[in-house]
Amino acid sequence: MMNPFESKIIAHRGESHDAPENTLASINLAWQRNVKAVEIDIRLTRDNEIVVIHDSNTQRVSGIKKTIKDTTFDVLKLLDVGSYKGQQWKDERIPTLKQVLNTIPNDGKLIIEIKSNRKILYELKRVLSKSGIRFEQIEIIGFNINTLSKAKKIMPEYRMLWLLNLDYSLPAWLSWVSIDGIIKKIEKHNLDGVNVWAGKLLTKNFISEIKKRGYSIYAWTINDPDKAALLIKHGLDSITTDRAGWMLNQLK
């Protein structure tokens, strides 16, 4: 029997609780656990290769500091980005977007977060168009609304959601948020919705206001099944979690 929550769960950088984030090991583990959507981060190297990594440099995941935009892929691909998670992941490498696209099952979806500036967009369009992956299997997200707006103009065939911090770095009482202002920006840039931090500002009313205008709303990063179930009950479309396979089983 199909788990009714399958369409609601997104694996954050793959199965990043159990495997090294943004690696083929982490991504494939998510697919193996019957997770239907995986989120990754992309950056552009010095030689114009799109690689899958969250940070602007490799220090945290490899112990060696190489700045992505200033380093060629030939150098980056030699780094071990798995051992920090455990010796069983030794010699995991930084994958390219092309490699990750090749892992997507026929019923899978990849959510791509743009971490670089606009310079990455035309190469992203080229890689996606050559991949053979169906349009509905790809969604694009990003914090920089100007970069996302440009992406939507050159790749209108893909759904795009604006990432919002809300009260991620500040307490809710210090974070003033205008839902109307958010919606006006979504409309102005022809986006498909928002992907927001699951803090105190993500209320039933916040979700309702976005939804009743016809837009999608996702949230990150939720590792508590009770909180996930409540937000989905309030109308949230999808949640991003570090423990996607486990979360599916808990919700079921």
Side-chain angles (χ1 to χ4, degrees), residues 1-42 52-55 60-61 81-82 84-86 88-89 92 94-95 97 99-115 133-134 136-143 158-161 163-164 168 192-199 202 207 216-252:
M1 181 183 294
M2 179 181 171
N3 186 332
F5 290 97
E6 275 184 1
S7 63
K8 304 284 189 182
I9 304 299
I10 301 168
H12 185 226
R13 309 176 195 172
E15 281 283 58
S16 55
H17 179 269
D18 296 326
E21 66 178 55
N22 279 320
T23 62
L24 292 177
S26 183
I27 293 158
N28 282 321
L29 187 58
W31 302 135
Q32 289 162 18
R33 291 175 174 176
N34 210 33
V35 177
K36 301 303 182 186
V38 169
E39 181 264 356
I40 62 166
D41 306 282
I42 61 168
V52 179
I53 186 170
H54 178 272
D55 298 357
R60 180 173 61 87
V61 292
V81 294
Y84 80 96
K85 196 73 174 176
Q88 69 268 41
W89 308 111
E92 278 297 316
I94 297 171
L97 176 59
Q99 289 176 306
V100 172
L101 290 169
N102 286 334
T103 72
I104 304 175
N106 193 52
D107 60 348
K109 181 166 67 174
L110 190 69
I111 290 90
I112 300 171
E113 181 179 345
I114 298 172
K115 287 294 189 183
I133 302 296
R134 302 189 309 276
E136 66 269 22
Q137 289 185 275
I138 300 291
E139 291 183 355
I140 297 172
I141 59 176
F143 284 103
Y158 297 110
R159 282 171 43 82
M160 300 194 190
L161 282 75
L163 280 165
L164 295 172
Y168 176 76
D192 300 282
V194 291
N195 189 342
V196 304
W197 165 246
L202 181 60
I207 295 168
S216 296
I217 178 166
Y218 297 0
W220 51 278
T221 302
I222 305 167
N223 295 322
D224 177 352
D226 291 335
K227 183 174 183 178
L230 180 62
L231 289 170
I232 290 170
K233 182 179 178 181
H234 288 339
L236 198 72
D237 292 297
S238 289
I239 67 159
T240 304
T241 175
D242 297 322
R243 307 182 69 184
W246 175 84
M247 182 68 78
L248 273 172
N249 288 328
Q250 294 298 308
L251 292 174
K252 183 172 65 174

Do [X] and [Y] have side-chain heavy atoms sitting under 4.5 Å apart?
X      : Y      : value
Ile104 : Gln137 : yes
Ile114 : Ile140 : yes
Lys109 : Lys36  : no
Ile9   : Thr240 : no
Ile53  : Asp41  : no

Heavy-atom donor-acceptor pair, [X] side chain to [Y] backbone, under 3.5 Å:
X      : Y      : value
Asp192 : Leu161 : no
Glu39  : Arg13  : yes
Asn3   : Leu248 : yes
Thr23  : Pro20  : yes
Thr103 : Val100 : yes
Arg134 : Asn106 : yes

Distance check, rounded to the nearest 0.5 Å: [X] atom [atom1] versus [Y] atom [atom2]?
X      : Y      : atom1 : atom2 : value
Tyr84  : Glu92  : OH    : CD    : 10.0 Å
Leu101 : Ile138 : CG    : CD1   : 5.5 Å
Asn223 : Asp242 : CG    : CG    : 4.5 Å

Residue pair [X] / [Y]: nearest heavy atoms and the distance that separates them:
X      : Y      : value
Ser16  : Ser26  : N-OG, 3.6 Å
Met247 : Pro225 : SD-CA, 3.6 Å
Val52  : Ile94  : O-CG2, 3.7 Å
Thr241 : Thr221 : CA-CG2, 4.1 Å
Gly245 : Val35  : N-CG2, 3.8 Å
Trp31  : Ala37  : CZ3-N, 4.1 Å

- Taking only Lys NZ, Arg NE, NH1 and NH2, and the carboxylate oxygens of Asp or Glu, determine whether Glu6 and Lys8 approach each other closer than 4.0 Å. no

- Query: Would you call Glu15 and Arg33 a salt bridge, taking side-chain N to carboxylate O under 4.0 Å as the test?
  - Reply: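 Salt bridge flag = yes for Arg33 with Glu15.
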
- Task: Would you mind telling me which of Lys85, Arg60, His12 makes a side chain to side chain donor-acceptor pair (under 3.5 Å) with Glu21?
- Result: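 One option only clears the test, and that one is Arg60.
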
- Sorted by chain and number, sequence neighbours left out, side chain to side chain donor-acceptor pair (under 3.5 Å) with Asn195 holds for none

- Please determine, by modelled atom types, if Glu139 and Tyr218 share a side-chain donor-acceptor pair under 3.5 angstrom. yes

- Message: Evaluate Ser216 against Arg159 for side chain to side chain donor-acceptor pair (under 3.5 Å), listing each step before the verdict.
- Response: CA-CA 10 Å; Ser216 296; Arg159 282 171 43 82; 3.0 Å; yes

- Message: With side chain to side chain contact (heavy atoms under 4.5 Å, CB included) as the criterion, how do Ile27 and Ile40 come out once you've worked through the C-alpha distance, each side chain's angles and the decisive distance to 0.1 Å?
- Response: CA-CA 9 Å; Ile27 293 158; Ile40 62 166; 3.9 Å; yes

- If the plane angle is over 60° it's perpendicular, under 30° parallel, otherwise tilted; pick one for Tyr168 and Trp220.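 It falls in the tilted class, 30° to 60°.
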
- Item | Residues His54, Asn22; criterion side chain to side chain contact (heavy atoms under 4.5 Å, CB included); working and verdict | CA-CA 8 Å; His54 178 272; Asn22 279 320; 3.9 Å; yes

What side-chain donor-acceptor pairs closer than 3.5 Å can you find for residues 230-238, not counting sequence neighbours?
residue	atom	partner	partner atom	Å
Asp237	OD1	Lys211	NZ	2.6
Asp237	OD2	Lys211	NZ	3.3
Asp237	OD2	Ile217	N	2.8

- Task: Verify side chain to side chain contact (heavy atoms under 4.5 Å, CB included) between Leu97 and Leu110, making sure each step is shown before the conclusion.
- Result: CA-CA 11 Å; Leu97 176 59; Leu110 190 69; 4.3 Å; yes

